[in-house]
Amino acid sequence: MEMQKTYNPKDFEDRIYADWCEKGYFHAEIDPNKVPFTIVMPPPNITGQLHMGHAMDCTLQDTIIRFKRMRGYAALWLPGTDHAAIATEVKVVDSIKETEGVTKEQLGREEFLKRTWAWKEKYAGRICEQLKKMGSSCDWDRLTFTMDEKCSRAVREAFVNLYHKGLIYQGNRIINWCPHCKTALSDAEVEYSDEASAFWHLRYFAKDDPNRSLVVATTRPETMFGDTAVAVNPEDPRYKDMIGKMLILPIVNREIPVVADEHADMEFGTGCVKITPAHDPNDFEVGLRHNLPVVCVMNEDGTMNDGAGKYSGMDRYACRKAVVEELEALGNLVKIEPHTHSVGHCYRCHNAVEPMVSKQWFVKMEPLAKPAIQAVMKNRIKIIPDRLSKTYYNWMENVRDWCISRQLWWGHRIPVWTCSDCGKQICEKKDPSICPACGSSRLEQDEDVLDTWFSSALWPFSTLGWPDETPDLDYFYPTDVLVTGYDILFFWVARMIFSGLEHKKQIPFRDVLFHGLVRDEQGRKMSKSLGNGVDPLTVIDKYGADSLRFSLITGVAPGNDTRYTEAKVEAGRNFINKIWNASRFVIMNVEGRNVLPLKQIKLTPADKWIVSKLETCIKEVTLNLNKYEIGVALSKLYDFMWDDFCDWYIELTKSALYGTDEAKKDGAVSVLVFVLENALKLLHPFLPFVTEEIFDHLPNTEGSIMVAEFPRYNAKLAYKKEAKAFEGIKEMIQSVRAVKKEVGCAPSKRVDLYLITENKRFIHANEAPLLKLAGANSVKYVEDVSALGKTVSKLCELAQIYIPLGELVDLEKEKARLEGELERIISEIARADGKLSNQNFLLKAPKKLVEDERAKYEKYLDMKKKIEQQLKDFE
RNA sequence: GGGGGCAUAGCUCAGCUGGUUAGAGCGCAUGCUUCACAUGCAUGAGGUCACAGGUUCGAGCCCUGUUGUCCCCACCA
């Protein structure tokens, strides 16, 4: 079958993917004779569709897993999707409002969950389709959803374990409350940003002395209804006499004490702090120290409750305004200062969160964090790039207890029941039917669900069957590398590490490869609100998946952000087009020829040169892939394929291919096929589709490239010396081209080359390609050029080249050019001389370097002599 | 307040453990209807490697400081 003239990915990408699936190449089998290599995919949220970040994430993983598979590992890439409790619930709530005009409460828990499962079916399916479009070679037989039965069992097991160890506890503590999502959030789920606001100075009068008062400065006047004290610093001379006295809280006229507490900073504000334990984390701590009552004044939707008296039911911000007005009217408002402070926002709906005291479930972090820190410290887990280890330590060392309960419906239900008769709390692996204490069957399960990250934390082993000791778990765990964005280091990676160590007693992965964010052309984050997101599917539709993959990994380094630009996709498309056409050229020329093994061919210097380049490329690509330097690996291949193979080697073979010597033709074709086949294998992990399509057209290939063996470096084929010598021929070709251009000689005009050289034999062996690529008629080896008339000349490593160009030669210009060259060489000599006359350099620098420098010096001296001779010839 | 990234060609970025004349893509200039490819080929112009010190035989790379810029964490009554 002949290859199409132009590269058109639409013709084959889908077909090839279907074929791979059908052949079962993605499926990983347990094979005792192979070493396992495992990646579990960070499960995309089922909230919508994949964006460019996902596309990069999956390209990196696919590249790694394909490489390992070709390298002979039992390579498992396990795909999945995440139920994303809060994120999905927010979406479904919006959706039912829009489509059915109802709230989730109106629908009821059961109906709402039905809708959400339907949502899941739709979106999880769509996400998988997108992953397939990208060419992802993941094992679809093992596709997992975080609320699958096996994951639910893992969640239950983990929760019960932690509960009985006392590492999960329920408590009334201050948490972040999202009034829009109406749920508690963990610290990690809150994003802070600076907001311009004000400092309201409020005067609270002393109960016994109407002339005495304290002025508190607050950014939250509406919370004053929850004030249960005013704190001053014990050392503050201004207020020492007030400590222990009572103040009258304005509007509500409640009495509150003045307490002495270090929390009050004498330098800040007025030095007096109103203490609202129910609505501020620091105040909560102060409250604990002084045994203050906790008065909650807000409802779960962010409106004021009865504690706010007549403002009950009013929104918190409306109330703020009203309270300030009333205080002003009452004469308690001293002044308003502009003030900027940071305000926490819900990471899902971006509304301002409310610190609030609430009864929630928490994971005790300190005992879990310690071994997790050690695992990275002792290098059992390697974080790439290394600098992110610091971020990890910093977070782990200061982490507070993890609030895991969410007041949502979509998620893993908290496995705790309370006996309605005796109040006993039950937390077991199996759902209890009667109370073990009193035998009652009136058991109520906790209404809340778990933080979505609680189940994600178990992902590396829950997907493999934990808590059962399955063969998969035994063989594929611990996984080898986790590939994900640095933005979820805290949410996910850190929690997988301590969860793996706690529950599985093993690290979850050996390496963590972090990548950065995909930004837009201007370097901005891609986001819905900016509308600057680019849909990977649109790009695939226009350019094909391989081009998109190219654009997403070209130039990326671990942990670094990257920009998506259509120009990069085009560069990818052009590169692939180049591969396509080079392959077409090779395949066209194969027809009617004998493709022989390298051993049976007399290799030309050019052949040895390209084979040598190929070997170097194999070495570098392998090395960089093993270091997860995917971008570097690809760029090595790009250069090899384009510059060495296409621009040089293919051109070099043409003199043989269009000649008459059959043996030479067979030789050239054989080397072309050999190099191309290897190059395609090297390229396959990056550009799976196009390489498969071409591989199929190559002679002597069988089966799929994706299960072919990845090329291994072969030192016997490195031909270092020969390759270096051949560079001299390249230099001559380039010199002739440059000289022609300089004097305005048309590149197509054939010239005669006169060489003064000691390398006649070697040059002669390469004469045919030299003539063809330099655009020359003949090569003549001479001792003296005085008879040639006007010439231009160029000094090369292998020879001095003289080209008689008659009237085209401007003697003055030529002389000036040579003088310029001489000048450059003289300065090189001075540089080398400087180094060589430096005793310290001679003594301390490595011998090889000194030798090289000396050789260089000699070479330049020789060049200088030759150019001086040429200049003399002008006279 | 703590931590980190970045600063190299007009633009976007590479530059490994310090070692020839610092690279690529895009852009630019000039010339090519050469039989795989104009999604191409050839030739070329373009850099005080942010600034100031230091270490070293040798610094784009290591150290200290400065400036600019971006990010993360904590605090912010």
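Reminder, nothing fancy here: chain letters follow the sequence lines and each chain counts from 1.
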Trainee: Identify whether any heavy atom of A/E570 sits under 4.0 Å from a base atom; if not, whether one sits that close to sugar-phosphate; answer base, sugar-phosphate or nothing.
Mentor: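 Contact class for A/E570: none.
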Trainee: State whether a side-chain donor-acceptor pair under 3.5 Å links A/Y857 with A/E828.
Mentor: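 There is no such pair between these side chains.
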Trainee: Count the heavy atoms belonging to other residues, nucleotides or ligands that lie under 6.0 Å from CD of A/E742, then report whether that count exceeds 12.
Mentor: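 Enclosed: over 12 neighbouring heavy atoms sit under 6.0 Å from CD of A/E742.
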Trainee: Which nucleotide sits closest to the side chain of A/K844: B/rU56, B/rU21, B/rU39?
Mentor: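 The listed nucleotide nearest to A/K844's side chain is B/rU56.
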Trainee: Could I get the full list of side chain to side chain contact (heavy atoms under 4.5 Å, CB included) partners for A/F284, not counting sequence neighbours?
Mentor: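 By the side chain to side chain contact (heavy atoms under 4.5 Å, CB included) rule, A/F284 matches A/I174, A/L288, A/V357.
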Trainee: Under 4.0 Å between any heavy atoms, over every strand shown, what does A/L842 touch: base, sugar-phosphate, or nothing? Just pick one.
Mentor: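 Counting heavy atoms under 4.0 Å across all strands, no contact is made by A/L842.
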Trainee: Taking the side chain as every heavy atom from C-beta outward, state whether A/V569 and A/Y564 have any pair of such atoms under 4.5 Å apart.
Mentor: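 A/V569 vs A/Y564: side chains touch.
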Trainee: Hey, which of A/F645, A/W580, A/Y7, A/Y638 is the one that makes ring-ring contact (aromatic ring centres under 6.0 Å, His included) with A/F575?
Mentor: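 Answer to the ring-ring contact (aromatic ring centres under 6.0 Å, His included) test with A/F575 among A/F645, A/W580, A/Y7, A/Y638: A/Y638.
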Trainee: Given atom CD of A/E853 and atom C1' of B/rU20, what is their separation to the nearest angstrom?
Mentor: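 The distance from CD of A/E853 to C1' of B/rU20 comes to 7 Å, rounded to the nearest Å.
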Trainee: For a quick check of understanding: with a heavy-atom distance under 4.0 Å over all strands, which category does A/N398 fall into, base, sugar-phosphate or nothing?
Mentor: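 The residue A/N398 makes no contact with any strand.
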Trainee: OP1 or OP2 of B/rC71 less than 4.0 angstrom from a side-chain nitrogen or oxygen of A/Y192, does that happen here?
Mentor: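 For B/rC71, OP1/OP2 do not have a side-chain N/O of A/Y192 under 4.0 Å.
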Trainee: With a cut-off of less than 4.0 Å, is there a side-chain N or O of A/K390 near OP1 or OP2 of B/rG5?
Mentor: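 Looking at the OP1 and OP2 atoms of B/rG5, neither is under 4.0 Å from any side-chain N or O of A/K390.
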Trainee: Mind listing the N/O atom pairs, protein and nucleotides 28-34 of chain B, below 3.5 Å?
Mentor:
from   : atom 1 : to     : atom 2 : distance (Å)
B/rU30 : O2     : A/K741 : NZ     : 2.3

Trainee: Base, sugar-phosphate alone, or nothing: which one does A/F575 contact when heavy atoms must sit under 4.0 Å apart?
Mentor: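 Answer is nothing: A/F575 stays at 4.0 Å or more from every strand.
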Trainee: Without hydrogens or angle criteria, can the side chains of A/H341 and A/D194 be said to hold a donor-acceptor pair below 3.5 Å?
Mentor: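 The criterion, which ignores hydrogens and geometry beyond distance, is not satisfied for A/D194 and A/H341.
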Trainee: When we call it a touch if two heavy atoms are under 4.0 Å apart, what does A/A582 touch: a base, just sugar-phosphate, or nothing?
Mentor: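 Base contact.
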Trainee: Is A/K636 close enough to B/rA24 that one of its side-chain N or O atoms is under 4.0 Å from OP1 or OP2 there?
Mentor: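 No, no such contact exists.
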Trainee: With sugar-phosphate meaning primed atoms plus P, OP1 and OP2, does A/K856 contact a base, only sugar-phosphate, or nothing at under 4.0 Å between heavy atoms?
Mentor: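 Base: the residue A/K856, judged by heavy atoms under 4.0 Å, touches a nucleobase.
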Trainee: Within the structure, does a side-chain N or O atom of A/R831 lie under 4.0 Å from either OP1 or OP2 of B/rU20?
Mentor: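 The answer is no; no side-chain N or O of A/R831 sits under 4.0 Å from OP1 or OP2.
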Trainee: Over how many whole Å does the gap from A/E591 atom CD to B/rC35 atom P extend?
Mentor: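 Result: 20 Å.
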Trainee: Please classify the nucleic acid contact of A/K835 as base, sugar-phosphate, or nothing, using heavy-atom distances under 4.0 Å.
Mentor: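 Nothing, no heavy atom under 4.0 Å.
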Trainee: Side-chain N or O of A/N574 versus OP1/OP2 of B/rG40: is the shortest distance under 4.0 Å?
Mentor: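 Answer is yes, contact under 4.0 Å.
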Trainee: Under 4.0 Å between any heavy atoms, over every strand shown, what does A/W648 touch: base, sugar-phosphate, or nothing? Just pick one.
Mentor: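 Nothing, no heavy atom under 4.0 Å.
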Trainee: Which residue, A/L805, A/I801, A/V751, A/V736, forms the side chain to side chain contact (heavy atoms under 4.5 Å, CB included) with A/V792?
Mentor: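 Only one option passes, and that is A/L805.
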Trainee: Select base, sugar-phosphate, or nothing to describe what A/F490 touches, counting heavy atoms under 4.0 Å on all strands.
Mentor: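 Touches sugar-phosphate only.
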Trainee: If you look at every strand shown and take non-hydrogen atoms under 4.0 Å, does A/F199 touch a base, only sugar-phosphate, or nothing?
Mentor: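 Touches sugar-phosphate only.
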Trainee: With A/D520, which residues qualify under side chain to side chain donor-acceptor pair (under 3.5 Å), at least two apart?
Mentor: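 Expected list: A/R524, A/N532.
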Trainee: Counting runs of three or more consecutive pairs, Watson-Crick or G-U wobble, with each distance below 3.5 Å, where are the stems of RNA chain B?
Mentor: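 Paired runs of 3+ in RNA chain B: B:1-7 with B:67-73, B:10-13 with B:23-26, B:28-32 with B:40-44, B:50-54 with B:62-66.
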Trainee: Out of A/I384, A/D487, A/T391, A/T484, which one pairs with A/F514 under the side chain to side chain contact (heavy atoms under 4.5 Å, CB included) rule?
Mentor: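 Running side chain to side chain contact (heavy atoms under 4.5 Å, CB included) over A/I384, A/D487, A/T391, A/T484 with A/F514 returns exactly one hit, A/T484.
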Trainee: Classify the nucleic acid contact of A/R387 as base, sugar-phosphate or nothing, counting any heavy atom under 4.0 Å across all strands shown.
Mentor: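 If one applies the 4.0 Å heavy-atom cut-off, A/R387 turns out to touch the sugar-phosphate alone, with no base involved.
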Trainee: Do A/E397 and A/I373 have side chains that get closer than 4.5 Å, going by heavy atoms?
Mentor: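 Contact flag for A/E397/A/I373 side chains = yes.
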Trainee: Name every residue in residues 548-562 of chain A that has at least one heavy atom under 4.0 Å from any atom of RNA chain B, in order of residue number, or write none if there are no such residues.
Mentor: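 Residues of residues 548-562 of chain A that come under 4.0 Å of RNA chain B are, in numerical order, A/N560.
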Trainee: Taking only distance into account, with no hydrogens and no angle test, what donor-acceptor pairs under 3.5 Å do side-chain atoms of residues 221-228 of chain A form with protein atoms, sequence neighbours excluded?
Mentor:
from   : atom 1 : to     : atom 2 : distance (Å)
A/E222 : OE1    : A/R320 : NE     : 2.9
A/E222 : OE2    : A/R220 : NE     : 2.9
A/E222 : OE2    : A/R220 : NH2    : 3.1
A/E222 : OE2    : A/R320 : NH2    : 3.1
A/T223 : OG1    : A/R220 : O      : 2.8
A/T223 : OG1    : A/K274 : NZ     : 2.7
A/D227 : OD1    : A/K274 : NZ     : 2.8
A/D227 : OD1    : A/T276 : OG1    : 2.8
A/D227 : OD2    : A/Y204 : OH     : 2.7
A/T228 : OG1    : A/P293 : O      : 3.1

Trainee: With heavy atoms under 4.0 Å as the rule, sort A/R220 into base, sugar-phosphate or nothing.
Mentor: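 The answer is nothing, as A/R220 stays clear of every strand by at least 4.0 Å.
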Trainee: Compare the minimum distances between each of B/rA36, B/rU12, B/rC72 and the side chain of A/N581, then state the nucleotide with the smallest one.
Mentor: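 Output: B/rA36.
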